[in-house]
Amino acid sequence: MPEIGFYGGVGTVTGSRHLLMAGGERVLVDCGMYQGLKALRMRNWEPCPFDAASLPFVVLTHAHIDHIGMVPRLVKDGFRGAVICTPATRELAELLLLDAAHLQEEDADFLNRKRLTKHAPAVPLFDTRDVRTVLELFTTRNYEEWTELPDHVAFRFHNAGHLLGSAMVEMKVKENGAITTLLFSGDLGRFDVPLNPDPLPPPAADYLLLESTYGDRNHDPRSLYDQVERVVKDSIDRRGIVVVPAFAVGRAQQLVYVLNVLMAEGRLPRLPIHLDTPMGVEATRIYRSHPSEHEAGNELTTSNFVLHESVSESKALNDFKGPGIIISSSGMLTGGRILHHLKRLLPDDRNTVVLAGYQAAGTRGRALLEGARTLRIHGEDVPVRALIEDFCGFSGHADSNEIMKWLGMMPSPPRGLFLTHGEPAASAALAARIGAEKGWKVISPKLNEVVTLGDAA
Ligand SMILES: [Zn+2]
């Protein structure tokens, strides 16, 4: 019977890595980096638990670093197989992996300059050269197109609605004349949100691997359109600028879409929207080049939407008086161009800073949310007089109700359902809910556990 090795993304929401072994074939689904707390990040340095050099295939569900960030590391371990994903995921992966490599290089550099490392010299997990090598191994498949691998495994992608290019993976495994079907949910998107399409209904599958990030919660039901309308109108009344620190890939485009829809509907006057992040600009171009995979018509190409790529284009914004919107990164205010804008705009009470998304403990974003009166930026204490707002509802993940709705579309119950990609409390709550409402068998695998599918259910 086929086996699955749960080599990451178990008991936590990063580091997704699942190895399917069947009929002499091995396919790794996702190869993500651990992010967040140091104890988790240290896992990125552990030796690969399987032989990477002889692995023939890696299939990627989407371009977020917690699903693809360790592929360059696989290559360092000798992997020379094929990395297969959708075309948009390939483009976003190049952008995000190069960015991750830069951050790794900068961190190692910093440790070495400050002599803060016990292992001198500090080395990056991977560098730009490793990423370039990896990109050579990528090959793309469109949604819904079956790919036959040499040894009795076939798979295809379905749109998961989580990020441009995101996919669930439907897999058919033929072994000893029997066919076993599997579905890897990847990260599951939400229903009825701006820009992203709904996740497609799940096909029938014998075994389902399901993410459970929000397994114990439901999202704030307030409409994103209403929140954005209120904040921008209020800022127009005060003749100020709205500054949004936002993640450059996905969230920035979603916000531009919402703003332009509100302006097209006459709920807001036509205002300039400035996107000031090189990565966000590139990601916007990638969104524009895949118009059939999201809901935007002309909302990402309007003339009031201005892209600022170069440093001089960014500096030109210093003269911008408003009213209008500046979107810049990083989302948690940890670095990047947003800091220059905040230095100028935070001390003025006409302006508004809108936090859009999770703010980790210890970040400037969290400090603003908690009412900090000053913010330390580039060695200066900048007074906070601008209005601080918080948008709810930007999460890319289905919540508990949405996961149940999606499961309700499955044509028949799976023989076994494995919960992955969740903190233990979230996975446990979802397992209990699925058990109670559907009566399905739910398994919460342990890290590095290898499960034989016939025995599992
Ligand atoms: Zn994701």
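One-based numbering along the sequence shown. All ligand and atom numbering here is 1-based and tracks the order in the structure.
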Salt bridge between [X] and [Y], side-chain N to carboxylate O under 4.0 Å?
X: Arg132; Y: Glu136; result: no
X: Lys405; Y: Asp198; result: no
X: Arg285; Y: Glu282; result: yes
X: Asp220; Y: Arg222; result: yes

Open item on the list: Given a threshold of 2.8 Å, state how many protein N/O/S atoms are nearer than that to the Zn ion (ligand 1).
Closed with: 4
Task: Row check, Phe126 ring normal vs Lys76 NZ/CZ: under 6.0 Å, within 45° - done: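 Verdict for Phe126: no cation-pi partner in Lys76.
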TODO: Report the residues that fulfil ring-ring contact (aromatic ring centres under 6.0 Å, His included) with Tyr34, sequence neighbours left out, ordered by chain and then residue number.
DONE: none
